S.K.: 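One structure coming up, written as structure tokens, with questions to follow.
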Protein chains: 2
Amino acid sequence: MSRTDDIRAAALELFTGRGYESTTMADIGAAVGIRGPSLYKHVASKQDLLAQIMTGTMQDLMDLHRTAVATTADPTERLRRATEAHVRYHARHRLEAFVGNREIRSLEEPHLGEVLAKRARYEAGFRELINTGVAAGRFHVTSARLASYAILDLGMGVAVWFREDGEITEDAVVWEYGEFALRLVGATD
Amino acid sequence: MSRTDDIRAAALELFTGRGYESTTMADIGAAVGIRGPSLYKHVASKQDLLAQIMTGTMQDLMDLHRTAVATTADPTERLRRATEAHVRYHARHRLEAFVGNREIRSLEEPHLGEVLAKRARYEAGFRELINTGVAAGRFHVTSARLASYAILDLGMGVAVWFREDGEITEDAVVWEYGEFALRLVGATD
DNA sequence: CCAGTTGGCTAATGCTTATTAGCCGACTCT
DNA sequence: AGAGTCGGCTAATAAGCATTAGCCAACTGG
């Protein structure tokens, strides 16, 4: 763990707690025991710190989604695994996910476009999963788009309220939310 | 009342689009055709503008919730109506709801405490609704807390993606999300 | 043992910002 | 008409901020 990693971790925590705009380079420096200007010996800029968090988060989510969906063709099982991966990431990396969702407005080009494109593809993946299930007569929803929005939003919510030391474990949330997703789409098993 | 309301509306729109911290008084002034400093002839401060939005939003939500739940004792119907009110508010007043959720970090005391307290009571209302249904054997969930988080998060999501001129109408979202909520808690009707 | 690099520091630079002061024209009421 | 208020304006105030410049001590590798 290098100093640079410490800085990234401190920035992540501060961005989560008070937001990108309200976090100063001096704050980040103080969190790792140095002065604000010294940070520039390790990172390019404050904006770069944000960009790293955002692009890394979307990349991780995409990778997990692909892996989750790769090993079965059954619509119900695919949706369950995709939802579980989604929720598990939002519980386990709640700071990254929280910042990734909340601070898009502070991300500048060219990273903004990249992240938005990745996000659109991620959403499309869920919608397709649901559409396939509906076409196969396994899911029963009026609008696949609404259902996919709903499932994705559930995960984002997890990043907001989940606590590692809370009374609900990560596994409990993952399992229950997987169930919620299947109930949502009216899966017949 | 014209000017002051125009200013509040402009501030709401700008806070939604670029966030509280990134919105300047000059921006808000420009949106209503005057200079930044002139705003102080109508409002006390930028922070006051935010506080009005936040407290007003929570108050409206609480009122709607109480009304929705008042006219029936059936657990399923109560949860459906509460969810519909929740979702309808988030669709119809998406800017208020969006800012209300996203900018809590920028709200200062004493308004912060007030808003957090109201929000806690609002959440407790939903949890109680679900607990009652579970106790009556009408709902089937492992954790009422998880289910209430899930339903509330769905509404917040609506405020993010809903568009008045989109292809999905407010009524469609309200109805479908009401169904989602009942499916989520495994309501037996 | 010394040249170079690394990673700190303080001071300066060049903004941007909320808010206040103080001025003034236009309208209102008597 | 004239006193007062209303609602603009520009200029000043007093910060706060990201980033750069330039300095220096400690390590490091040959």
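Sequence lines set the chain letters: A, B, ... in the order given, protein chains first and strands last, and positions in each chain run from 1. Since this is a predicted model, take the numbers as computed values, not measurements.
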S.K.: Check side-chain contact (heavy atoms from CB on, under 4.5 Å) between B/Leu116 and all other residues, then give those that pass, not counting sequence neighbours.
M.R.: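 side-chain contact (heavy atoms from CB on, under 4.5 Å) list for B/Leu116, sorted by chain: B/Ile104, B/Leu112.
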S.K.: Do we see a donor-acceptor contact under 3.5 Å between the side chains of A/Thr76 and A/Arg138?
M.R.: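 Result is yes, a qualifying pair exists.
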S.K.: For A/Glu13, which residues count as a salt bridge (Lys or Arg N to Asp or Glu O under 4.0 Å) partner, sequence neighbours excluded?
M.R.: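 Applying salt bridge (Lys or Arg N to Asp or Glu O under 4.0 Å) to A/Glu13 gives none.
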S.K.: List in chain and number order the residues that pass salt bridge (Lys or Arg N to Asp or Glu O under 4.0 Å) with A/Arg18, two or more places apart in sequence or in another chain; answer none if no residue qualifies.
M.R.: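 For A/Arg18, the residues satisfying salt bridge (Lys or Arg N to Asp or Glu O under 4.0 Å) (neighbours in sequence not counted) are A/Asp27.
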S.K.: Tell me which residues in residues 34-42 of chain B put a heavy atom below 4.0 Å from DNA chain C, sorted by number, or none.
M.R.: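 Residues of residues 34-42 of chain B that come under 4.0 Å of DNA chain C are, in numerical order, B/Pro37, B/Tyr40.
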S.K.: Walk along DNA chain C from 5' to 3' and tell me the first and last nucleotide with an atom closer than 4.0 Å to a non-hydrogen atom of chain B.
M.R.: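 So the outermost contacting nucleotides come out as C/dT17 to C/dT20.
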S.K.: Return each pair, listed once, that meets salt bridge (charged side-chain N to carboxylate O under 4.0 Å, His left out) where at least one residue sits in residues 108-118 of chain B; pairs must be two or more places apart or across chains.
M.R.: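 As it turns out, the salt bridge (charged side-chain N to carboxylate O under 4.0 Å, His left out) pairs with a partner in residues 108-118 of chain B, which skip direct neighbours, are B/Glu114-B/Lys118.
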S.K.: Quick one: salt bridge (Lys or Arg N to Asp or Glu O under 4.0 Å) partners of B/Glu21, sequence neighbours excluded?
M.R.: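 In terms of salt bridge (Lys or Arg N to Asp or Glu O under 4.0 Å), with neighbours along the sequence ignored, B/Glu21 is linked to no residue.
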S.K.: If you round to the nearest 0.5 Å, how far is OG1 of B/Thr57 from CD1 of B/Ile53?
M.R.: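 So the gap between those two atoms works out to 7.0 Å.
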S.K.: Within residues 15-31 of chain B, which residues have any heavy atom lying less than 4.0 Å from an atom of DNA chain C?
M.R.: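 Within this stretch, B/Thr23, B/Thr24, B/Met25 sit under 4.0 Å of the strand.
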S.K.: Taking distance alone, no hydrogens or angles, what donor-acceptor pairs closer than 3.5 Å link side-chain atoms of residues 60-70 of chain B to residues at least two apart or in another chain?
M.R.:
residue: B/Asp63; atom: OD1; partner: B/Gln59; partner atom: NE2; Å: 3.2
residue: B/Thr67; atom: OG1; partner: B/Asp63; partner atom: O; Å: 3.0

S.K.: So, using side chain to side chain donor-acceptor pair (under 3.5 Å) as the criterion, who are the partners of B/Glu77 when residues are at least two apart?
M.R.: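 Testing B/Glu77 for side chain to side chain donor-acceptor pair (under 3.5 Å), a comparison that skips the adjacent residues, returns B/Arg81.
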S.K.: Mind listing the residues from residues 46-56 of chain B sitting with a heavy atom below 4.0 Å of DNA chain D? Number order is fine.
M.R.: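 Heavy-atom cutoff 4.0 Å gives no residues at all.
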S.K.: Answer with yes or no whether the side chains of B/His86 and B/Tyr122 bring together a donor and an acceptor at under 3.5 Å.
M.R.: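 Present: a donor and an acceptor within the cut-off.
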S.K.: Can you list everything that forms a salt bridge (Lys or Arg N to Asp or Glu O under 4.0 Å) with A/Glu167? Sequence neighbours excluded, please.
M.R.: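 A/Glu167 satisfies salt bridge (Lys or Arg N to Asp or Glu O under 4.0 Å) with B/Arg145 only.
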S.K.: Mapping A/Ser45 and B/Gly33 to their closest nucleotides on DNA chain D, which lands nearer the 5' end?
M.R.: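 Its nucleotide being nearer the 5' end, the pick is B/Gly33.
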S.K.: On the 0 to 90° scale, with breaks at 30° and 60°, tag the A/Phe15-A/Tyr20 ring pair as parallel, tilted or perpendicular.
M.R.: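 Ring orientation of A/Phe15 relative to A/Tyr20: perpendicular.
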